Amino acid sequence: MQDVSELKKAYAELENMVIYDQLTGVYSMYSFMEHCKQYDEYNGSVAVVVCDINHLSDINIQYGQKAGNQALINVAGVLKKILMDRAYIARINEGNFVAVMKNVTDAEAGKTFEQIKRTVEKECSNGKFGVTIEYGIAMRKASNRWIMDIVHEAVNDMRDRKGR
């Protein structure tokens, strides 16, 4: 009987590792990809916001991986605190996060992420280095568009804002 209990516990731990990003506690890229299927069938407006920690690799090089990891944790904390139940938040790679918000306008999403941007700069910076983010927004207004296309549009908007 104990073997079954241990197997169930191990399975639950493995499932948790797949669903959540282990460093930040937000959803993982895998979980996000699975979750996107429900947005493909959703008829309302959907805002996709992709944000990136500026110069994360420089922080890792100059101050160490621990400092870079702490920046990721802190930014995820701000995203969770401000977005709360209003968005699905996932870490999609290194310093990039995505937030998907239902039934908001482009202007509302922009206002929210400007607040997030200011809060990150204020709360995530320390005496050694500043932490800033940039974001890009794309809207899906018609339900016949695949959500991953909207993610790519948001990434391109973010890159435009960064001047790349």
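Below, all heavy atoms of this structure are taken into account, side chains as well, without hydrogens, waters or symmetry copies. We're numbering straight along the sequence, starting at 1. The shown structure was predicted, so the numbers you read here are calculated from the model rather than taken from an experiment.
- Residues satisfying the side chain to side chain contact (heavy atoms under 4.5 Å, CB included) criterion with N96, sequence neighbours excluded, are D52, I92, N93, M158.
- Not counting sequence neighbours, the partners of N156 by the side chain to side chain contact (heavy atoms under 4.5 Å, CB included) test are R159.
- With sequence neighbours left out, A154 forms a side chain to side chain contact (heavy atoms under 4.5 Å, CB included) with V48, V50, A138.
- Under the 4.5 Å side-chain criterion, counting only non-hydrogen atoms from C-beta, C51 is in contact with L79.
- Residues meeting the side chain to side chain donor-acceptor pair (under 3.5 Å) test with T132, sequence neighbours left out: N54.
- Residue pairs meeting the salt bridge (charged side-chain N to carboxylate O under 4.0 Å, His left out) criterion with at least one member in residues 95-114: none, sequence neighbours excluded.
- V78 and Y20 fall into different hydrophobic clusters, where Ile, Leu, Val, Met, Phe, Trp and Tyr are joined by side-chain heavy atoms under 4.5 Å apart, directly or via other members.
- Atom CG of residue N60 and atom CG of residue N69 lie 7.0 Å apart, to the nearest 0.5 angstrom.
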Handout entry: Residue pair K117, E121: steps toward the side chain to side chain contact (heavy atoms under 4.5 Å, CB included) verdict
Key = CA-CA 6 Å; K117 189 174 178 177; E121 193 168 337; 5.5 Å; no
Handout entry: side chain to side chain contact (heavy atoms under 4.5 Å, CB included) between I53 and V120, intermediate numbers included
Key = CA-CA 10 Å; I53 299 176; V120 162; over 6 Å; no
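- Residue pairs that meet the salt bridge (charged side-chain N to carboxylate O under 4.0 Å, His left out) test with at least one member in residues 54-74, sequence neighbours left out, do not exist here.
- M84 belongs to no multi-residue hydrophobic cluster, having no ILVMFWY side-chain contact under 4.5 Å with any other such residue.
- Y63 places a side-chain heavy atom less than 4.5 Å from the side chain of K128.
- Among all heavy-atom pairs drawn from R161 and G136, the shortest one is NE-CA, 4.0 Å.
- Here C36 pairs with F32, I147, M148 under the side chain to side chain contact (heavy atoms under 4.5 Å, CB included) rule; sequence neighbours left out.
- Residues I150 and V98 fall within the same hydrophobic cluster, defined by Ile, Leu, Val, Met, Phe, Trp and Tyr side chains chained together at heavy-atom separations under 4.5 Å.
- No chain of hydrophobic side-chain contacts below 4.5 Å, direct or via other Ile, Leu, Val, Met, Phe, Trp or Tyr residues, connects M33 to V49.
- With sequence neighbours excluded, no residue forms a ring-ring contact (aromatic ring centres under 6.0 Å, His included) with Y30.
- Linking Ile, Leu, Val, Met, Phe, Trp and Tyr residues whenever their side-chain heavy atoms come within less than 4.5 Å places M29 and V151 in a single cluster.
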Handout entry: Trace of the side chain to side chain contact (heavy atoms under 4.5 Å, CB included) decision for L72 with L56
Key = CA-CA 9 Å; L72 285 162; L56 181 60; 4.0 Å; yes
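- Looking at heavy atoms from C-beta onward, V75 lies in side-chain contact with I133 at the 4.5 angstrom threshold.
- Looking only at side-chain heavy atoms (C-beta outward), L83 and I116 come within less than 4.5 Å of each other.
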Practice task
Please assess T119 against I82 for the test side chain to side chain contact (heavy atoms under 4.5 Å, CB included), listing each intermediate value before the final yes or no.
Solution key: CA-CA 9 Å; T119 304; I82 293 176; 3.6 Å; yes
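- Here NE2 of H152 is found 14.5 Å from CG of D157. Values are rounded to the nearest 0.5 Å.
- Identified under the salt bridge (charged side-chain N to carboxylate O under 4.0 Å, His left out) test for residues 71-92, with sequence neighbours left out: D21-R91, K81-E123.
- Shortest non-hydrogen contact noted between A47 and V104 is CB-CG2, 3.6 Å.
- Identified under the ring pair (Phe, Tyr, Trp, His ring centres under 6.0 Å) test for residues 106-125, with sequence neighbours left out: F113-Y135.
- A ring pair (Phe, Tyr, Trp, His ring centres under 6.0 Å) check over residues 75-110, counting only residues at least two apart or in different chains, returns the pairs Y27-Y88, H35-Y88.
- Grouping the Ile, Leu, Val, Met, Phe, Trp and Tyr side chains by contacts below 4.5 angstrom, directly or via other members, places I89 with I73.
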